[in-house]
2 protein chains.
Amino acid sequence: MIAADRVYAIIKQRILDGHYPAGSYVREATIGQELELSRTPIREALRRLVSDGWVEVIPHHGARVVSWTQRDVEEVFELRVLLEPQVVRRAATRIEASQLDSLGELACHMEQLCERGDNQAIDEIAGLNNRFHAELITAADSPRLQRLLEAIVQVPVSRRSFHHYSDEELRGSMRHHREIIRALAAGDGEWAASVMRAHILAARAAQMHPPARQTNEPRQQHA
Amino acid sequence: MIAADRVYAIIKQRILDGHYPAGSYVREATIGQELELSRTPIREALRRLVSDGWVEVIPHHGARVVSWTQRDVEEVFELRVLLEPQVVRRAATRIEASQLDSLGELACHMEQLCERGDNQAIDEIAGLNNRFHAELITAADSPRLQRLLEAIVQVPVSRRSFHHYSDEELRGSMRHHREIIRALAAGDGEWAASVMRAHILAARAAQMHPPARQTNEPRQQHA
DNA sequence: TAATCTAAAATGGTATACAACTCTTCTCGT
DNA sequence: ACGAGAAGAGTTGTATACCATTTTAGATTA
């Protein structure tokens, strides 16, 4: 792996773990000294981070880590509600049996973790959920659709997403996965798209919970 | 504006006007000499063009202008059918009177050109049509939606688009503009979205005409 | 003729030096 | 005291150089 790739990954990681807070500047010279590299590969990494939406460049002033407002989050959900159903709409007529099997295994694995319900399990579910969506995008076989989704679904949104879920919301999400698989197996794109739309809207509702909560205890379970 | 930005714009323009045909190579040294710049800003511009999908890099051989297949065109229309209606859906509740006036003037201007019907008029309509859509995107006030559309609606598709239209198709397109304006004035996002959807689907149908025709004579007018 | 070797050409990646720009701060004049 | 303007530090933007890698075409040779 070339230096610019490592720099890209390192900066991205530091943005995610809070080492570079939103609004702070990522200085080319500083990182260059830390990693014992010249500014050239750092610049290239930063440009890629810009085009991926992680940082923004103020000419002659520097690369600033983007700040996410509530409006940004809403904008992303609004677009996911359009694009993710299209993913399964396409996938329904293109997906192969082996891919359906993979999805089934992922869903199964997530359900098991869901039963455990501890914080680490929630984190693992998040990872598997990403793989679930990635598998769907592969099946959709539309490079542009994939690119658009990658451009907007950034981890600042999805990172802690499942920690916002109540138990009931989490179980509902698992049921969505199963129903999407059934719809795809039936080759019914509109069915799959409808479930996916509900899936995203449910995620938005969970995300919009008043102040972000770090517990997985429902606030009004069995209300 | 910094040099790399200019280079980016210049290369893009040359791809659009056919100076760099699809499949041809954009040489770093050549452009550098033309613009009296070093390879550094040219390289940066090319990287951006790659990530924006305008050119593709063949390792150690160069940056090649991408060729559009029929499949690419279909993929883009499929996404426009999703995204462009969303533009007017949002715009309906946000657009201001002055913007509606601008749209009205653009529509009026396009209709006049439509009556002329010669080739140059068709070209001018294409430019005005782009401004029409740009105005809508501005009114929609969603930077991400704008970015996604800019990422996929590349002019290789829309450049000669109206040359594919029959007279009737062209007039239908003008009527769509008017109806979109009416829907926006009424604040009815779903109405506007529906018309826009029809507008894009009509454009796709025109684009898909068997072999691309360079005349604006309808093939089966008043059939 | 055909296979192989060779050299030229182009990009890929990085480093370094210098130019240009921005923002801050300090001075100077009113 | 206060605002305009200039000097300075800090940061990014660009030029240039270097070598490695790869491709291509031409030359060579059996």
Side-chain angles (χ1 to χ4, degrees), chain A residues 1-16 18-67 143 147 150, chain B residues 1-16 18-68 143 147 150 154:
Chain A
M1 185 188 275
I2 67 180
D5 290 335
R6 281 191 298 120
V7 176
Y8 174 88
I10 289 171
I11 296 176
K12 192 151 120 179
Q13 185 56 45
R14 289 186 178 177
I15 292 174
L16 287 177
H19 189 303
Y20 295 148
S24 68
Y25 283 89
V26 183
R27 297 294 174 201
E28 297 176 357
T30 308
I31 305 182
Q33 288 167 7
E34 275 184 61
L35 306 180
E36 295 184 329
L37 289 168
S38 77
R39 282 172 51 211
T40 310
I42 280 90
R43 279 178 69 82
E44 183 171 330
L46 283 175
R47 293 308 149 101
R48 285 175 50 194
L49 288 163
V50 167
S51 91
D52 289 356
W54 293 89
V55 303
E56 56 191 347
V57 159
I58 289 91
H60 288 103
H61 192 74
R64 186 169 56 186
V65 178
V66 297
S67 301
R147 259 189 51 203
E150 286 171 353
Chain B
M1 187 187 271
I2 67 181
D5 290 337
R6 279 190 299 121
V7 176
Y8 174 88
I10 288 171
I11 296 176
K12 194 150 119 180
Q13 185 55 45
R14 289 186 179 179
I15 293 174
L16 290 180
H19 190 302
Y20 295 148
S24 67
Y25 284 88
V26 184
R27 299 290 175 201
E28 298 177 357
T30 308
I31 305 182
Q33 288 166 7
E34 275 185 61
L35 306 180
E36 295 185 328
L37 289 168
S38 75
R39 277 175 62 201
T40 310
I42 279 95
R43 281 173 65 86
E44 183 174 325
L46 283 176
R47 296 300 161 92
R48 284 176 51 193
L49 287 163
V50 168
S51 92
D52 288 358
W54 292 86
V55 304
E56 58 191 345
V57 161
I58 285 83
H60 293 101
H61 190 79
R64 185 170 57 184
V65 178
V66 296
S67 300
W68 283 66
R147 258 190 52 202
E150 285 170 355
Q154 297 174 340

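Letters go in sequence order (proteins before strands), and every chain restarts at 1.
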DNA chain C: R27(B) or A4(A), which has the more 5' nearest nucleotide?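 Taking each residue's closest nucleotide, the earlier one in sequence belongs to R27(B).
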Calculate, to the nearest 0.5 Å, the distance between atoms [atom1] and [atom2] belonging to [X] and [Y] respectively.
X	Y	atom1	atom2	answer
E56(A)	S67(A)	CD	OG	7.0 Å
I10(A)	R14(A)	CD1	CZ	6.5 Å
L37(B)	E28(B)	CG	CD	12.5 Å
S38(A)	Q33(A)	OG	CD	12.0 Å
I31(A)	Y20(A)	CD1	OH	4.0 Å
D52(B)	R147(B)	CG	CZ	9.0 Å

Heavy atoms of chain A, cut-off under 4.0 Å: which first and last nucleotide of DNA chain C, 5' to 3', fall inside that, if you could look?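 On DNA chain C, the outermost contacted nucleotides are dG13(C) to dC23(C).
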For a quick check of understanding: with a heavy-atom distance under 4.0 Å over all strands, which category does R47(A) fall into, base, sugar-phosphate or nothing?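 Sugar-phosphate contact only - R47(A) comes under 4.0 Å of backbone atoms but never of a base.
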Which part of the nucleic acid does V7(B) contact within heavy-atom distance under 4.0 Å: base, sugar-phosphate only, or nothing?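 No contact.
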For V55(B) against L46(B), the heavy-atom pair lying closest together: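 Smallest interatomic distance, heavy atoms only, reads CG2-O, 4.1 Å.
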Would you say the side chains of Y8(A) and R48(A) form a donor-acceptor pair under 3.5 Å?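 No pair is found: no donor N or O on one side chain lies under 3.5 Å from an acceptor on the other.
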Stepwise side-chain contact (heavy atoms from CB on, under 4.5 Å) test for I58(B) and Y25(B): CA-CA 10 Å; I58(B) 285 83; Y25(B) 284 88; 4.1 Å; yes
Of all nucleotides in DNA chain D with an atom under 4.0 Å from a non-hydrogen atom of chain B, which is the first and which the last going 5' to 3'?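 So the outermost contacting nucleotides come out as dG13(D) to dT24(D).
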Contact residues, residues 37-44 of chain A to DNA chain D [heavy atom, < 4.0 Å]: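 The answer is R39(A), R43(A).
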E44(A) bridged to R43(B) by N-O distance under 4.0 Å: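 No, this pair does not count.
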